[in-house]
Amino acid sequence: MKRFWAIVASLVLLACPAQAAPTPAGIQAGDVFEITRDIETSQTAEDSSGSSTDRDTIVVRVVAISQAGLELEYDLPQDTSAEDRARQWQFPARVLKPTNGPLELLNGPELEARAKAWRTAAGIPVAACGHWIFTWTAYRIDCDPLSVIGTINGFDMGPDDLRQGLPYRDADSSGPAPLVRKAASSDGETFVAELTVDPETVRRGEAESDVVVGEITKRPVTLDAALAARVTEDISGTIVITFETDAAGRVRRQTKVTTLTIKRADGQTETRMATAILERRLLSRTGA
């Protein structure tokens, strides 16, 4: 049976927390960047196979730089339609990216007002918030302003203090692995980290997917029951993350390749691969 792997892969990526990093060299207040994210997934099993692709773009403006960290504004591309902008009420979102710690939302009340206006215009009751529906794809009715943090984290380029041997850990890995410098030139460097997938993280993601599918198909299942049903599955896999920097040491491209093998209790084996590519480019610079 074909599962919602592409949806789950996107949700996992969006949920990955950004790693704390020093203020990137060369970043200036007023800089505007565009970050694109391309996700390609595929799955193969004895009785089914499938694949999907997806592209998203976000614009980031550096509002201010201080000892507390970077104040950033994330927004939709300029050519976003009024209809799409109203539906994606989370943007623009202003956050503080501290030198240590998670992102902090700075304009929460503004987002809350936009969420209320969106619900009112769409005729969505408060009771529907947090639930899943299915139109042309699975869709969660999201009314929480803080949920934008997870979306923003999905566009995090990674640490800007990359160096040989630096321990790097992904949210889906069982532990850290050292960065290995694979190439270096006057135009930048390339670092690679090879990690092992954490089976329990994947198992929980599968169980959460089961809960979503149960809600959509009107066959509800609790998270505990979904976890219990998957406890005998044998899960293994790797994560290979490649960082490419520019001449200033900023990450300009990040490629994450996740490969999973799931052996189920009924003897069937499913292989999955997800490739997520983030690219950042400077759109404008004040005074440039």
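Only this structure's heavy atoms are used, side chains among them; waters, hydrogens and symmetry mates stay out.
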If we only count heavy atoms from C-beta on, is the [X] to [Y] side-chain gap below 4.5 Å?
{"X": "Arg114", "Y": "Pro92", "answer": "yes"}
{"X": "Arg94", "Y": "Glu110", "answer": "no"}
{"X": "Thr255", "Y": "Ile241", "answer": "no"}
{"X": "Ile239", "Y": "Val197", "answer": "yes"}
{"X": "Val126", "Y": "Arg119", "answer": "yes"}
{"X": "Thr269", "Y": "Glu46", "answer": "yes"}
{"X": "Lys97", "Y": "Asp156", "answer": "yes"}
{"X": "Pro102", "Y": "Ile149", "answer": "no"}

**Q.** Test side chain to side chain contact (heavy atoms under 4.5 Å, CB included) applied to Leu223 and Glu208, step by step
**A.** CA-CA 6 Å; Leu223 180 58; Glu208 290 172 348; 4.0 Å; yes
Q) Atom OG1 in Thr36, atom CZ in Arg280: separation rounded to 0.5 Å? A)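 Here the interatomic distance stands at 11.5 Å.
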Q) Could you give the distance from CD (Glu215) to NE2 (His131), rounded to the nearest 0.5 Å? A)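 Output value for this atom pair is 6.0 Å.
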Return the minimal non-hydrogen interatomic distance between [X] and [Y], and the atom names on each side.
{"X": "Ala115", "Y": "Cys143", "answer": "CB-O, 4.0 Å"}
{"X": "Ala265", "Y": "Thr232", "answer": "CB-OG1, 3.4 Å"}
{"X": "Asp172", "Y": "Lys256", "answer": "OD2-NZ, 3.5 Å"}
{"X": "Ala226", "Y": "Val211", "answer": "CB-CG2, 4.4 Å"}
{"X": "Ser52", "Y": "Thr41", "answer": "OG-OG1, 2.6 Å"}
{"X": "Ser147", "Y": "Gln90", "answer": "OG-NE2, 4.2 Å"}

Under the 3.5 angstrom rule, does the side chain of [X] hit a backbone N or O of [Y] as a donor-acceptor pair?
{"X": "Asp142", "Y": "Asp144", "result": "yes"}
{"X": "Arg253", "Y": "Ile277", "result": "no"}
{"X": "Arg203", "Y": "Glu233", "result": "yes"}
{"X": "Asp84", "Y": "Ser81", "result": "no"}
{"X": "Ser209", "Y": "Gly205", "result": "no"}
{"X": "Gln254", "Y": "Met157", "result": "yes"}
{"X": "Ser173", "Y": "Arg169", "result": "no"}

ILVMFWY network linking [X] to [Y], side-chain heavy atoms under 4.5 angstrom:
{"X": "Val63", "Y": "Val32", "result": "no"}
{"X": "Trp118", "Y": "Ile133", "result": "yes"}
{"X": "Ile27", "Y": "Leu282", "result": "yes"}
{"X": "Phe191", "Y": "Val180", "result": "no"}
{"X": "Leu146", "Y": "Tyr74", "result": "yes"}

(Q) Using side chain to side chain contact (heavy atoms under 4.5 Å, CB included), reason through Trp132 and Val213 one step at a time and then give a plain yes or no. (A) CA-CA 9 Å; Trp132 288 81; Val213 173; over 6 Å; no
Q: Carefully, step by step, assess Phe91 and Thr80 under the rule side chain to side chain contact (heavy atoms under 4.5 Å, CB included).
A: CA-CA 11 Å; Phe91 298 98; Thr80 301; over 6 Å; no
Q: Please determine if Arg204 and Glu200 form a salt bridge, counting it only when a charged side-chain N lies under 4.0 Å from a carboxylate O.
A: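 Looking at Glu200 together with Arg204, the answer is no, because their closest N to O distance does not fall below 4.0 Å.
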Q: Using a strict 4.0 Å threshold on nitrogen-to-oxygen distance, state whether Arg272 and Glu206 make a salt bridge.
A: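 Between Glu206 and Arg272 there is a salt bridge, with a charged N closer than 4.0 Å to a carboxylate O.
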Q: Take Asp75 and Arg85, measure what side chain to side chain contact (heavy atoms under 4.5 Å, CB included) needs, and give me the verdict at the end.
A: CA-CA 10 Å; Asp75 202 356; Arg85 183 170 287 279; 2.9 Å; yes
(Q) Going by salt bridge (Lys or Arg N to Asp or Glu O under 4.0 Å), Glu34 matches just one of Arg252, Arg281, Arg61. Which one? (A)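 Answer after filtering Arg252, Arg281, Arg61: Arg281.
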Q: Only pairs at least two apart or in different chains count here, so list each side chain to side chain donor-acceptor pair (under 3.5 Å) that has a residue in residues 174-187.
A: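 Sorted pair list: Arg181-Glu189.
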(Q) Between Tyr168 and Phe243, is the ring centroid distance below 6.0 Å? (A)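 Under 6.0 Å, so yes.
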